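Written out below as structure tokens is the structure these notes cover.
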Amino acid sequence: MSKNKEIARIFEKMADILEFLGDNPYRIATYRRVANILSELNVDVEELVKSGKIYNIPGIGQSSVEKILEYLKKGKISKYEELKAKVPEDLLELMDVPNIGPKTLRLAYEKLGIRSKDDFLRAVRSGMLATLPGFGEKKLQNIMRGIELWEKSKERMTLIEAFEIGQEYLDYMKHLENLIEKIELAGSLRRRKETVGDIDILVSAPRQNWVKIHEHFVSFNGVKDVLLKGETKSSVVLENARQVDLRTVEPHQWGAALQYFTGSKEHNIRVRDIAKAKGLKLSEYGVFKADTDQWIGGSSEEEVYALLGMQTPPPEIRENAGEIELALEGKLPKLVSFQDIKGDFHIHTNWSDGIGTLEEMIETAYRMGYEYVVVGDHSLSSRVAKGLDVERYRQQWKEIDRLQKEYSSKGFYILKGCEVDILPDGSLDLPDSVLAEFDFVVASIHTRFSQDNTYRILKAIENPYVNLIGHPTGKSYGSRQGYPLDMEKIIKLARDTGTALELNTFRADLSPEHVRMCMAEGVYIAIVTDAHAPAHLKYMHLGVGLARRGWALPELVLNTKDIKGVKEFVLKKRKLLAVV
DNA sequence: GCCGTTTTCGGCCCGACTGTTTTCAGTCG
């Protein structure tokens, strides 16, 4: 865990304790804000301390800086140690449980002598909690349901899973076409966060339709539990323990509502600050004059931001990580978009561990509207993945040559590629003489995930035939953390050799921070689906979203090159390392 | 705890739903 995340976690915990103790809510909000800023920061906090820039970060004041310095010096924060002594830490884990908040825990602590998580769970089940004032049967039921939910869905969804569920729900809601004006997925899913907590759906419709819309929403086939149902807001839990929320607004409120429910929270707080400074008020219902409450706009997001004198930041970068300042100055960069994408660099067929045939995968890539695709089956040492030996690759090339004849007339190109294993000593699973025969080479690590693998990747980058490092960090979504890595070294060598780094849609690897580092250093990234079935190719737009979260520029995304540009990219490295 | 284009003190985003409450507190996003 990076120092940023470690310190962020401590600030988060301090906020929890302060909340439990009933401290000033604004101080608590500040601690949480500091935690959030630290974890979203794309610079190492130690760097900021060295350069003195830590003192210039809005939202991190003197007192927080002191705590950060203390942590960097002594490895702990005395204020945190002090607070920890005042409350059983394990009890506060329950703050994450839906329907349990600080007041409930505090009451149980004081009136029932509850000292731990298990104490609390026992008190719920034994009915002891029900003896507290204000705790009726329904409240108890909600708490029990919250605990059940919490235990089941501790893990957030991957972006792809959330998108699938959201899409299915959207299709279902569209049965009400005649009642609904607009409908869209909002929240962290719209921001294309790599993991999503729950799914937010926003609908605009005339008020008289709202009751019917919410009725329809909670009647979805996969619904296990209706958490709440109102005229503007409903919330359900699906059989798979995933939560979906619906909000309805009137058509003229659409933009303000979409802006609000897209978030992030940090972004919105800043935007509302800006509104206030202009004598305006921003809510999910529109932009208003602060003094008269007169509605002055909000039917589209563009209108909302324009009224605040800003460009509209793309949803993916609304994290209060610099986008607001640039939007105010009218200087937002143009990010890569799905329309820019001309090909996919990493797909598998049933020659190795894919389930689609070569023909199916290629046809699907062609139907995506691409100009080219790289077929990249595993090399031999990936035995579980049915890796190919040299002879099998040669057989596959014959097939590709045959198919290329068909597709040439359509202006579509199939590149002979491979995903060659980077072996434990950093050498590759195929000899250079064979690698030289491929059109495009992806090199990836598939073994020894717990050791520092920097040396293996550096060695692979030095190979003149390696064009792309596959899933460089070994991370998979939020779940598998990835091996320790000196990303700065890797990025510098990638820059100096003309090697690209892969943003893998299925694993959400690289992170947005890494993408920003690549952009700053002028290193190409390639957005790939790592498709193992024809249906996977369509997730490219989610990969593009992940790249946009890292402020990816089209000129440094390899997929924006046409076939000629890709061939030049490959040739350039071979020339640079003097092998042609 | 943070911050300053009416401020170095006095504010801090704002609204929905539920439950037990007869006017509001707790929780959530």
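All values derive from a computational prediction rather than experimental measurement. Labels below follow one simple rule: chain letters A, B, ... track the order of the sequence lines, proteins then strands, and each chain is numbered from 1.
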>> I need the single residue from A/Leu21, A/Ile28, A/Leu105, A/Leu92 that forms a side-chain contact (heavy atoms from CB on, under 4.5 Å) with A/Asp16. Which is it?
In response: A/Leu92

>> Do the side chains of A/Arg190 and A/Glu301 get close enough for a salt bridge, i.e. N-O under 4.0 angstrom?
In response: yes

> Starting at CG of A/Asp23 and ending at P of B/dC2, how long is that distance when rounded to a whole Å?
Replying inline: 13 Å

> Across all strands shown, which nucleotide pairs with B/dT8 by Watson-Crick or G-U wobble geometry, both distances under 3.5 Å?
Replying inline: none

> Given the P atoms of B/dC17 and B/dC13, what is the spacing between them in whole Å?
Replying inline: 22 Å

> Counting any heavy atom closer than 4.0 Å, what does A/Pro25 reach on the DNA or RNA strands: base, sugar-phosphate only, or nothing?
Replying inline: nothing

> Roughly, in whole Å, what's the span from CH2 in A/Trp150 to P in B/dC28?
Replying inline: 13 Å

>> Applying a 4.0 Å non-hydrogen cut-off, can you work out what A/Ser64 is touching in the nucleic acid: base, sugar-phosphate, or nothing?
In response: sugar-phosphate

> Does A/Asn24 make a side-chain donor-acceptor contact with the base of B/dG1, cut-off 3.5 Å?
Replying inline: yes

> In terms of side-chain geometry, is the basic nitrogen of A/Glu70 or A/Lys76 positioned less than 4.0 Å from the acidic oxygen of its partner?
Replying inline: no

> Salt bridge check: are A/Arg32 and A/Glu12 linked by an N-O gap of less than 4.0 Å?
Replying inline: yes

>> Apply the syn/anti split at 90° from 0 to B/dT6 and say which one it is.
In response: anti

> Taking it one step at a time, do A/Phe217 and A/Val244 satisfy side chain to side chain contact (heavy atoms under 4.5 Å, CB included)?
Replying inline: CA-CA 10 Å; A/Phe217 174 76; A/Val244 186; 3.9 Å; yes

> For nucleotides 14-22 of chain B, read 5' to 3', which letter fits each nucleotide if B means a protein heavy atom sits under 4.0 Å from the base, S means only the sugar-phosphate is that close, and - means neither?
Replying inline: BSSSSSS--

>> Please tell me whether A/Tyr71 and A/Tyr80 form a close aromatic pair, meaning their ring centres lie under 6.0 Å apart.
In response: no

> Rounding to a whole Å, what distance do you find between A/Asn56:CG and B/dC3:P?
Replying inline: 11 Å

